[in-house]
Every structure is written in C-alpha cells, then in structure tokens.
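Below: the structure, in structure tokens.
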Amino acid sequence: MRNAALAAAWLTLAAVFLAPGAWAQGTAKFPSRPITLIMPFTPGSGTDLEARIYQEEFQSLHKTALLMDYKPGASGTIANVALMKAPPDGHTIAWSSATIALVPALRDSIPYDMFRDLAPVTQTTQRTFVLAVRAGFPANTYEEFIAYARANPGKVTWSTVGQGGSQHMTGEWLAAANNIKLTFVHYKGGSAAELDMLSGRIDSAPKNLMSTLLVVKSGKIKLLAIVTGNRTKLFPDLRTVAEINVPGFSYPGWAGIFAPGRTPPALQNQISTMFKQAISTPKAMAHWDTQGNEVVASTPDEFRKFLAVEVARWKKLATDNNIRLGDENS
C-alpha cells in the first residue's frame, strides 16, 4: 500500500511538472473548456464593444465559449494581477490596451512584471487617432497649429482623460518633438472633455477617429493630422504626424491579448493564431473598416519586441519631462 501511494504521488508530480512539455509536443488538447477573457474596462465601453467582435468571431470559428470577466480599475493593474495568478493553461487570458506599456514608465512600483509574470500573445488591432481642434481655433493645418503654439507658449490647451494616460503622454511627445509648450487639462472622463472642446473651452486633443466622425461632419471640430502611424481610407488626404515632421510618431491606441507568464510558448502561438483568425473574418474586417481600425495580428515574439520598444519610449519621455505618478497604491 505504501509503495502504491508513493507511486501515485510521483505520477501526480510528474503530471504537474511535465504538463507544459505536452504543449511543446502538441499532445495536449486545447481548448478543453470555455476560455475566460479578463477585461480591464467596464461593460459597454468602446473597448468592450471592440472585444465583443473578438468574442463573437472567436466563438463562431473555434466552437469554444469566450467568457468576459470584467475587472476594471487601477490602470489595468487589477486585471493584470488576476491574470498573473491564473493557471498557465490558456483557459484564462486578458485583453489589454496600450496603457500596460505606459504604467511601468510612470509608476514607482507595480505588483507584476509585464515580461515575466505575463506573456504577450498578440497585438490584435491598432486604432486610428487624429489631432482635433475646436472649430474656431486659429489654425487649419498641422503646420499652422505648431507655428501658433510655438508663437504662444502655454496658450494652447490640450485635454486628457487623466494625467499619465495615452492622451497626456502623446501631447508631451508632440510638444517635446516640436519644441512647443502645451497646457494640459486633465479630466476624469471623456464626456466632460468632449463637451468643453465642442463649446470652445479646450483647444485640442487626440481623438479616436470613429468617435469623432459625426462631430467632424457637423463642422464643430477640425482634424489637422493623424497621430497614429498610418493614413486611413476614411480620410485619405489627412497626413500623419510621422510623415510630416516627427518620424516614428504614433499614438498608443492599440489592443492586445496576454496570457499568464508561465504559459508554454507553443500554447501562446496557438492562442495567437486563433485570435488572428477571429479578427480577420470578413465580418470583423468590415467592422474594422468602419471604425478606422487596422488589424495587426502579431505573433507572440513580434508583440514582445513591440512592447519592449514601447516601454523604453515612454520611460524616456517620462524621464525627460519629469512625469511620475507615484506608487500604484498611493
């Protein structure tokens, strides 16, 4: 009996420690049950609506339920810590935005390491963002905007939804690259910032193209340039900041999928391929076209390299401009 018990114990240990090897050899079955997608945002947000496209197409293609688990707050930290603690078997993953690459540059400490405790699986999409100004702003082109800001240091206001967020850091980058001074106005939510621009109390801001289309057509705001990397077919003549005067400039408006850090590489690649298929269906592509989104669908290795560049970029920008937000728990 004692020998039988010992043998059973050894078999259990072997299963625990050798299981990841099964993925490497392609012998494990995945998925074997519904997959949970942790969401760092609230239900009904623009981000949630994008993720719903993934969910619908993923379930249709792979005949596996993709269940949303909402864990908003603390710049994604709550969701990321939950993912870090999840079993590395592919059945718990997390949606993430560009904020995950900004946080290490701005916080004194965070309770996870993005490259050790999490596993970048795929950058799914890149949204199109534009430089928008109020209708009465005395500039009709990007070059005129820069010239006006340079001639009037601190006079041009730039709205953000929180200090240290994507909108703030993009403004800091634009200002530093053009040797201008902008006055940043930090709002607690996007609605208030939007109302103040429409009423003429705020001069400028980076805006998601899709959310601004109706306002642009009404003539209430003007678009001066694209602040993400590529032009869009929705406004083919609107140039990018990168092509005008700041090479490499791109607003961090991307989305991606992460897994727990100890997830086997073969399983990471499998999940990446599954999402690439889900976001590239004709139905999904039609949706991205109307949103001004660009499909990326990178491999885990490509996503990891992209993130390393992003983190380094934002750390340098934060250091050069003395931007810190303190400890995550402060």
Got a list of side-chain donor-acceptor pairs under 3.5 Å for residues 182-191, not counting sequence neighbours?
| unit_1 | atom_1 | unit_2 | atom_2 | d |
| --- | --- | --- | --- | --- |
| Thr183 | OG1 | Gly154 | O | 2.5 |
| His186 | ND1 | Thr160 | OG1 | 2.7 |
| Tyr187 | OH | Asp196 | OD2 | 2.6 |

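- Considering only residues two or more places apart in sequence or on other chains, Glu243 meets the salt bridge (Lys or Arg N to Asp or Glu O under 4.0 Å) condition with Arg231.
- Ring geometry, Phe249 versus Trp173: the interplanar angle falls from 30° to 60°, so the pair is classed tilted.
- Considering CZ of Phe129 and CG of Leu209, their distance stands at 9.5 Å, rounded to 0.5 Å.
- Atom CD1 of Ile146 is separated from atom CG of Asn178 by 3.5 Å, given to the nearest 0.5 angstrom.
- In this structure, the separation between CE on Met197 and CD1 on Ile221 is 6.5 Å, given to the nearest 0.5 Å.
- Using a 4.5 Å heavy-atom cutoff, the side chains of Tyr112 and Thr77 are in contact.
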Donor-acceptor contacts, no H, no angles, side chain residues 92-103, under 3.5 Å, sequence neighbours left out:
| unit_1 | atom_1 | unit_2 | atom_2 | d |
| --- | --- | --- | --- | --- |
| Ser97 | OG | Thr99 | N | 3.4 |
| Ser97 | OG | Thr99 | OG1 | 3.4 |

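- Using modelled atom types, one finds a donor on one side chain and an acceptor on the other under 3.5 Å when comparing Glu50 with Thr125.
- With rounding to the nearest 0.5 angstrom, the OG1 atom of Thr122 is 10.0 Å from the CZ atom of Phe258.
- At least one side-chain heavy atom of Phe30 sits less than 4.5 Å from a side-chain heavy atom of Leu267.
- Annotation: side chain of Leu83 is in contact with side chain of Leu118 (closest heavy-atom distance under 4.5 Å).
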